[in-house]
Amino acid sequence: MSQLLVPTLREDPSEAEIVSHKLLLRAGYIKKVAAGIYTYLPLGLKVLQNVTNIVREEMNRAGAQEIFMPVLLPAELWRQTGRWEQYGKELFRVKDRHEREFCLGPTHEEIITELVRDSVRSYKELPLNLYQIQTKFRDEIRPRFGLMRGREFMMKDSYSFHASEEDLDREYKKMYETYCRIFQRMGLEYCVTKADSGLIGGGFSEEFHVIADAGEEELPNGKRGIEVGHIFKLGTKYSEKMGCMYMDENNKEKPMVMGCYGIGVARTAQAAIEQNHDKDGILWPIPLAPYQVAIVPVNAEEKEQFEVAEKIYSDCKASFATTGFDVLLDDRAGRIGAKLKDMDLIGIPIKIIVGPKGLKENKIEIKTRKSGEVKLVAIDRVREELTNVWNICDFG
RNA sequence: CGGAGCAUGGCUCAGUUUGGUAGAGCGCCUGGUUCGGGACCAGGAGGCCGUGGGUUCAAAUCCCGCUGCUCCGACCA
């Protein structure tokens, strides 16, 4: 850890207003570059990857196929649906050296519709659900609250294509269930509400909200929510405008019926903090934490402590190999108090503290962040103890 | 875009009203004493005070412009 870039701050940065934003900055997860534009530091990136890994696993499980579309999109495609004009100032527009117009993609209905139009002909090739995890650009009127409303942000967006309304309904329901699984696996308290489809358009949509005080929207039951997911039944809005047709069993040409489904990746991570924190810092749900376990020698310069810490570290590392979990060794020279404060701020769920008191009896301490509970455990039983902790959370 | 506020070492801020060679705490570096929940002592580095103009013998401070950032409203994952 001594070489890991984690610039923790002792005071709240003045640029942040809500607690999750303050904590992201204080705990060294992100660094602002401009309004609504952030660099993800090593810890921030790890959390983002934890989110995208869960999303990817569940999307794949649901039979969706991952693709990757460009960020830079030609104006021509947007003119076909009229959204080049409609989207207004929120669209980041650029020109190439030949004065040809492009935009930085805020969403990808046009592009995916063109793709499917040009590569799918028959009802036999449907249904199809394609997704990507990618950076989106929207020149928000007012970026705010850190990763909550950025101008550049990571999103999972997927689009489904069907031969009938009934088949769209089936897939929509499947995506609904998939989203439930995703937010459940992340350990988040969420709810679903009917929503306005806005500029995306289409018939019917629902929003997934993580419940939190600082949410941007008032939910029907009085609580506030942070919108982290949105699923839409698009119908034939895009397929008709762009001529995305298929041949049915009777050799008749019909427009494909579409759905689309988004998840705000970084926003979900921040919402998790907004929902899970205390006065000392972040309380990550175990699957989202950048490291599930931190091993903290009371004095890293004491040879015996450090060797035991290293041993436990490599054991943990080995036993985590297939889980996607990670362990951190705090080899910094600082005092124990400062190191533990940092770990609490960062939000590591489990601390293994190696100190002289315990070592006298060949024991270490396992302390859980959330409850503050401390358990004295024999060194050779650390692994078994940890598996008890993991059983609490759903691996999916 | 309308309304409000802010901009001074890496971070949090004082100094601006009443112009006179730039301060504190935290962090950082050195040495020492410490060492189980953000230690203490001593020494040290680090700032054209957001930017451009103006007033003045003299501007962080007064005046005008610009830029950036934050908050409140309308749009959205």
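Letters go in sequence order (proteins before strands), and every chain restarts at 1.
Legend: residues meeting side chain to side chain contact (heavy atoms under 4.5 Å, CB included) with A:Ser14, ordered by chain and number and at least two apart, are absent. Evaluation of the salt bridge (Lys or Arg N to Asp or Glu O under 4.0 Å) rule for A:Lys31 yields no partner, not counting sequence neighbours. For A:Glu15, the salt bridge (Lys or Arg N to Asp or Glu O under 4.0 Å) partners are A:Lys32, not counting sequence neighbours. Listed by chain and number, the residues in a ring-ring contact (aromatic ring centres under 6.0 Å, His included) with A:Tyr176 are A:Phe208 (sequence neighbours excluded). Partners of A:Lys370 by salt bridge (Lys or Arg N to Asp or Glu O under 4.0 Å), not counting sequence neighbours: none found.
Dense packing is recorded around CZ of A:Arg170, with more than 12 heavy atoms of other residues, nucleotides or ligands lying under 6.0 Å away.
Here the options are A:Phe102, A:Tyr87, A:Tyr238, the test is ring-ring contact (aromatic ring centres under 6.0 Å, His included), and the partner is A:Trp78; only A:Tyr87 passes.
Across B:U34 and B:U70, the matching C1' atoms stand 42 Å from one another, rounded to whole Å. Taking atom C1' in both B:C48 and B:G5, one finds a spacing of 27 Å when rounded to whole Å. Distance noted for atom P between B:G52 and B:U30: 36 Å (whole Å). With C1' as the reference atom, B:U21 and B:G25 are 24 Å apart, rounded to whole Å. On the C1' atoms, B:G53 is 32 Å away from B:C11, given to the nearest whole Å. Rounded to the nearest Å, the gap between the C1' atom of B:G9 and that of B:C28 is 11 Å. Remark: the separation of the C1' atoms in B:G27 and B:G38 is 12 Å, to the nearest Å. Look at the C1' atom in both B:A59 and B:U18: the space between them is 14 Å, to the nearest Å.
A:Arg144 has no side-chain polar atom (N or O) that falls below the 4.0 Å cut-off from OP1 or OP2 of B:C75. Applying the 4.0 Å criterion to OP1 and OP2 of B:C72, one finds that A:Arg142 has a side-chain N or O inside that range.
At whole-Å resolution of the value, CE in A:Met154 and P in B:C76 are 23 Å apart. In this structure, the CD atom of A:Glu152 is 18 Å from the P atom of B:A77, given to the nearest Å. Atom CZ of A:Phe137 is separated from atom P of B:A77 by 17 Å (rounded to the nearest Å). Across the protein-nucleic acid pair, A:Leu147 atom CG and B:C76 atom C1' stand 16 Å apart, rounded to whole Å. Residue A:Leu91 contributes atom CG, which lies 18 Å from atom P of B:C75 at whole-angstrom precision. Straight-line distance from the CZ atom of A:Arg83 to the C1' atom of B:C75: 14 Å, rounded to whole Å. Per the geometry, CD belonging to A:Glu17 stands 18 Å off P belonging to B:A4, to the nearest Å. Taking atom CD of A:Glu206 as the reference point, atom P of B:A77 lies 14 Å away to the nearest angstrom.
Base pairing of B:C13: its partner is B:G23, meeting the Watson-Crick or G-U wobble criterion (both donor-acceptor distances under 3.5 Å). As the counterpart of B:G73, B:C1 is assigned, both hydrogen-bonding distances of the Watson-Crick or G-U wobble pattern falling under 3.5 Å. The base-pairing partner of B:U18, taking Watson-Crick or G-U wobble contacts with both distances under 3.5 Å, does not exist among the strands shown. Pair check for B:A7 finds B:U67; Watson-Crick or G-U wobble, both atom distances under 3.5 Å. Nucleotide B:C40 forms a Watson-Crick or G-U wobble pair with B:G32, both donor-acceptor distances falling under 3.5 Å. Under the Watson-Crick and G-U wobble criteria, each requiring two contacts below 3.5 Å, nucleotide B:U56 is left unpaired. Checking B:U61 for Watson-Crick or G-U wobble geometry (two distances, each under 3.5 Å) identifies no partner in any strand.
Distance from the side chain of A:Arg151 is smallest for B:C69 among the nucleotides B:C13, B:C69, B:A77. Distance from the side chain of A:Lys89 is smallest for B:C1 among the nucleotides B:A77, B:U12, B:C1.
Between the side chains of A:Lys136 and A:His108, at least one donor N or O lies within less than 3.5 Å of an accepting N or O.
Positionally, the nearest nucleotide of RNA chain B for A:Glu15 lies more toward the 5' end than for the other of A:Phe208 and A:Glu15.
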If the sugar-phosphate is the primed atoms plus P, OP1 and OP2 and the base is the rest, what is the B/S/- string for nucleotides 34-42 of chain B, using protein heavy atoms under 4.0 Å? BSBBBB---
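The stretch residues 117-157 of chain A participates, sequence neighbours left out, in no ring pair (Phe, Tyr, Trp, His ring centres under 6.0 Å) pair at all. Pairs of residues two or more places apart, or lying in two chains, that qualify as salt bridge (Lys or Arg N to Asp or Glu O under 4.0 Å) and include a residue from residues 317-333 of chain A are A:Lys46-A:Asp326, A:Lys317-A:Asp326, A:Asp330-A:Arg332, A:Arg332-A:Asp342. Residue pairs that meet the salt bridge (Lys or Arg N to Asp or Glu O under 4.0 Å) test with at least one member in residues 296-306 of chain A, sequence neighbours left out, are A:Lys303-A:Glu307.
Within 4.0 Å (heavy atoms only), A:Gly88 reaches no atom of the nucleic acid at all. Residue-level contact check: A:Phe145 touches the backbone only, with heavy atoms under 4.0 Å from sugar-phosphate atoms and none from bases.
For the segment residues 30-46 of chain A, residues with any heavy atom less than 4.0 angstrom from an atom of RNA chain B are, sorted by number, A:Lys32, A:Ala34, A:Ala35.
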Got a list of protein N/O to nucleotides 22-25 of chain B N/O distances below 3.5 Å?
from: B:G25; atom 1: N2; to: A:Glu11; atom 2: OE1; distance (Å): 3.1

Could you give me the CA-CA distance, side-chain angles and deciding distance for A:Glu109 and A:Thr81, then say whether side-chain contact (heavy atoms from CB on, under 4.5 Å) is met? CA-CA 10 Å; A:Glu109 284 82 7; A:Thr81 58; over 6 Å; no
N/O donor to acceptor pairs below 3.5 angstrom from side-chain atoms of residues 347-367 of chain A, sequence neighbours left out:
from: A:Lys351; atom 1: NZ; to: A:Asp344; atom 2: OD1; distance (Å): 2.6

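Under the 4.5 Å side-chain heavy-atom criterion for Ile, Leu, Val, Met, Phe, Trp and Tyr, A:Met155 and A:Met69 are members of distinct hydrophobic clusters.
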